[in-house]
Colleague: 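Submitted below is the structure of interest, expressed as structure tokens.
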Amino acid sequence: MEHWSATTIQAFRQTLLAWYDREGRDLPWRRDQDPYHVWVSEVMLQQTQVNTVIPYYQNFMATFPTVDDLAAADQETLLKAWQGLGYYSRARNLQRAAQQVVQDYHGKWPETAAGLADLTGIGPYTSCAIASIAFGEVVPAVDGNAFRVFSRLLMIEDDIAKPQTRQLFKRIIQPIVDPDRPGAFNQAIMDLGSSYMTSKNPDTAHSPVKDFDASFKADRVLDFPVKTKKPRPKLMPYYAIIVQSPAGYLLTQRTTQEMLSGYWTFPLVTQADLQAEDATEPAGLDADIATLEHRWATEYQVPVKLSPVGGQPVSHTYTHQRWQIKLLTATLVETPPLTFYPGKWVLAEQIADLPLPKVQEKIMARYEKQGHPDVFGVN
DNA sequence: GAGACGTGGAA
DNA sequence: TTTCCAAGTCT
């Protein structure tokens with residue numbers, strides 16, 4: 001690993017910030033240093049690319065102009081504003097933190113990284129990003145860009161997938177941060193990491209800091225950062241139950257214990273949920289349909305006659321799970337009360353008004369293409 | 001400390 | 001189609 005002298009650090013800051021002042025991106029959340037703006041943008045940008053965030057950020061600010069508006073928002077409006085962005089706990093945590101600021105802090109933001117980290121959804125990266133950008137605290141914001149940029153500049157071999165490596169990077173970067181412009185410094189590193197020093201196809205030869213790049217001089221740019229791989233997603237077979245009645249389609253809201261919590265889907269059942277305790281092998285489609293029909297008649301008191309929908313199962317891959325969903329459908333002549341099933345009937349044309357996860361949109365699209373054209377208007 | 005937690009884009 | 005990412009946090 002390389003080590004920089006005080007002189008090198010000075011020169012690096014000067015070169016980096018001169019480039020940033022010249023070519024830094026003009027982004028909607030960089031128009032001012034309002035902590036609310038910085039905070040919302042930083043949370044949206046977690047594990048999400050800038051181009052994806054921009055329209056969401058602009059819509060979010062139009063919908064919730066101030067931290068008070070966000071704190072007072074109803075959950076449906078909030079989740080709808082976050083629909084499609086993913087990692088939906090961010091939206092719930094964002095509102096919880098807004099309520100903390102309004103109620104616990106009487107509208108006055110904590111101005112240090114340590115103080116900001118007490119708010120829900122603000123971790124070691126985001127706390128430092130907000131503190132440096134909005135309040136000028138001299139701390140490094142160590143995100144994926146900082147890991148990539150500094151692991152290459154200094155040829156740091158430590159595995160960035162390990163939580164403890166963050167502490168090492170913080171100690172290394174801390175003395176390099178420009179004490180006069182910490183926010184600009186951190187944002188310059190991010191712009192560098194998303195332009196010349198990208199993960200794939202970097203253009204280090206034209207990087208403004210190539211003279212400081214030890215991995216470039218050693219022709220080992222792609223050896224950094226060192227990161228161990230995550231396991232592949234686990235296959236999860238599902239059934240989606242599409243029940244239609246005169247009152248519309250049956251939708252259910254994901255509970256707080258489930259992923260996608262708060263969002264609406266057709267009833268979903270894992271194949272594993274249908275297996276009898278003493279079953280030694282998977283039961284097959286006909287047996288599963290029989291089990292489901294029996295369950296809906298007895299447990300939910302909604303008598304359904306299920307038919308398979310044609311085509312391949314709908315496939316949707318998350319970071320840790322790969323769902324393969326077979327569609328089953330039933331049409332009821334009368335609308336039964338949902339006394340024993342936690343859901344509601346929704347007219348087809350009103351489904352899109354609910355907050356829906358991507359997988360629900362995929363299921364609706366498949367249903368339309370398999371003999372039910374223009375029902376939901378998603379294709 | 002390892003795993004849960006979404007989606008869209010690029011190769 | 002598959003794989004790997006992209007401004008992480010929480011448990």
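In this text the structure is predicted, and so the values were computed from the model without any measurement. Throughout, protein chains are lettered first and strands after them, A, B, ... in sequence-line order, and every chain is numbered starting at 1.
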Colleague: Counting heavy atoms from C-beta on, name the nucleotide in C/dG8, C/dC5, C/dC4 closest to the side chain of A/T126.
Modeller: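 My answer, after comparing the listed nucleotides, is C/dG8.
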Colleague: Does A/T198 use its side chain to pair, donor to acceptor, with the backbone of A/S194 at less than 3.5 Å?
Modeller: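 Side chain of A/T198 to backbone of A/S194, a donor-acceptor pair under 3.5 Å: no, none is there.
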Colleague: Measure from CG on A/N51 to C1' on C/dA6 and round the result to the nearest Å.
Modeller: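 Those two atoms, CG and C1', are 11 Å apart.
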Colleague: For a quick check of understanding: with a heavy-atom distance under 4.0 Å over all strands, which category does A/W82 fall into, base, sugar-phosphate or nothing?
Modeller: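 If one applies the 4.0 Å heavy-atom cut-off, A/W82 turns out to touch nothing in the nucleic acid.
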Colleague: Going by atom types only, do A/D191 and A/Y20 share a side-chain donor-acceptor pair under 3.5 Å?
Modeller: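 No - no donor-acceptor pair under 3.5 Å links their side chains.
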Colleague: So if I define the base as every atom that isn't primed, P, OP1 or OP2, how would nucleotides 4-11 of chain B read as a B/S/- string at a heavy-atom cutoff under 4.0 Å?
Modeller: SBBBSBBS
Colleague: Could you walk me through whether A/R31 and A/D26 pass salt bridge (charged side-chain N to carboxylate O under 4.0 Å, His left out), step by step?
Modeller: CA-CA 8 Å; A/R31 300 291 169 82; A/D26 176 27; 3.1 Å; yes
Colleague: Using a heavy-atom cut-off of under 4.0 Å over every strand shown, decide if A/V50 touches base, sugar-phosphate, or nothing.
Modeller: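 Counting heavy atoms under 4.0 Å across all strands, the contact made by A/V50 includes a base.
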Colleague: For A/R232 and C/dT2, is the shortest distance between a side-chain N/O and OP1 or OP2 below 4.0 Å?
Modeller: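 False: A/R232 side-chain N/O out of range (4.0 Å or more) of C/dT2 OP1/OP2.
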Colleague: Applying a 4.0 Å non-hydrogen cut-off, can you work out what A/L27 is touching in the nucleic acid: base, sugar-phosphate, or nothing?
Modeller: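 Answer is base: heavy atoms of A/L27 come under 4.0 Å of a base.
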Colleague: Regarding A/R254, tell me which of base, sugar-phosphate or nothing describes its non-hydrogen contacts under 4.0 Å with the strands shown.
Modeller: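 Nothing, no nucleic acid heavy atom in range.
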Colleague: Could you tell me how far B/dC5 sits from C/dA6 if I compare only their P atoms? Round to whole Å.
Modeller: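 Going atom to atom, P in each nucleotide, I get 23 Å.
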Colleague: Before we go on, tell me: are the rings of A/W296 and A/Y341 under 6.0 Å apart, centre to centre?
Modeller: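 Close enough - the centres of the two rings lie under 6.0 Å apart.
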Colleague: Using a 4.0 Å cut-off on heavy atoms, which residues in residues 158-173 of chain A reach DNA chain B? List them by number, or say none.
Modeller: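 When residues 158-173 of chain A is checked for heavy atoms under 4.0 Å from DNA chain B, the hits, listed by number, are A/Q164.
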Colleague: For A/Y367 and A/F266, I'd like to know if the aromatic rings sit close, meaning centre-to-centre distance below 6.0 Å.
Modeller: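 Aromatic pair excluded; centres sit 6.0 Å or further apart.
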Colleague: Between A/R25 and A/L119, who's closer to the 5' end of DNA chain C by nearest nucleotide?
Modeller: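 Between the two, 5'-proximity favours A/R25.
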Colleague: Would you mind reading off the distance between A/L235 atom CG and C/dT2 atom P, rounded to a whole angstrom?
Modeller: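 In whole Å, C/dT2 P and A/L235 CG are 11 Å from each other.
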Colleague: For A/F64, run the side chain to side chain contact (heavy atoms under 4.5 Å, CB included) check against A/N59, A/T77, A/L94 and tell me which one passes.
Modeller: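 Of all the options given, the one that passes is A/T77.
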Colleague: Heavy atoms only: give me the nearest A/C128-A/A141 pair and the separation to one decimal.
Modeller: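 Shortest heavy-atom separation between A/C128 and A/A141 comes out as CB-CA, 4.0 Å.
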Colleague: Under 4.0 Å between any heavy atoms, over every strand shown, what does A/S41 touch: base, sugar-phosphate, or nothing? Just pick one.
Modeller: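 The residue A/S41 makes no contact with any strand.
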Colleague: Expressed as a whole number of angstroms, how long is the span from A/D143:CG to C/dC5:C1'?
Modeller: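 Rounded to whole Å, this separation is 14 Å.
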Colleague: Give me each pair satisfying side chain to side chain donor-acceptor pair (under 3.5 Å) with a member in residues 156-167 of chain A, each pair once, sequence neighbours excluded.
Modeller: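 Output for this query lists A/D159-A/T228.
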Colleague: Is the distance between the ring centroids of A/Y318 and A/W323 under 6.0 Å?
Modeller: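 Yes.
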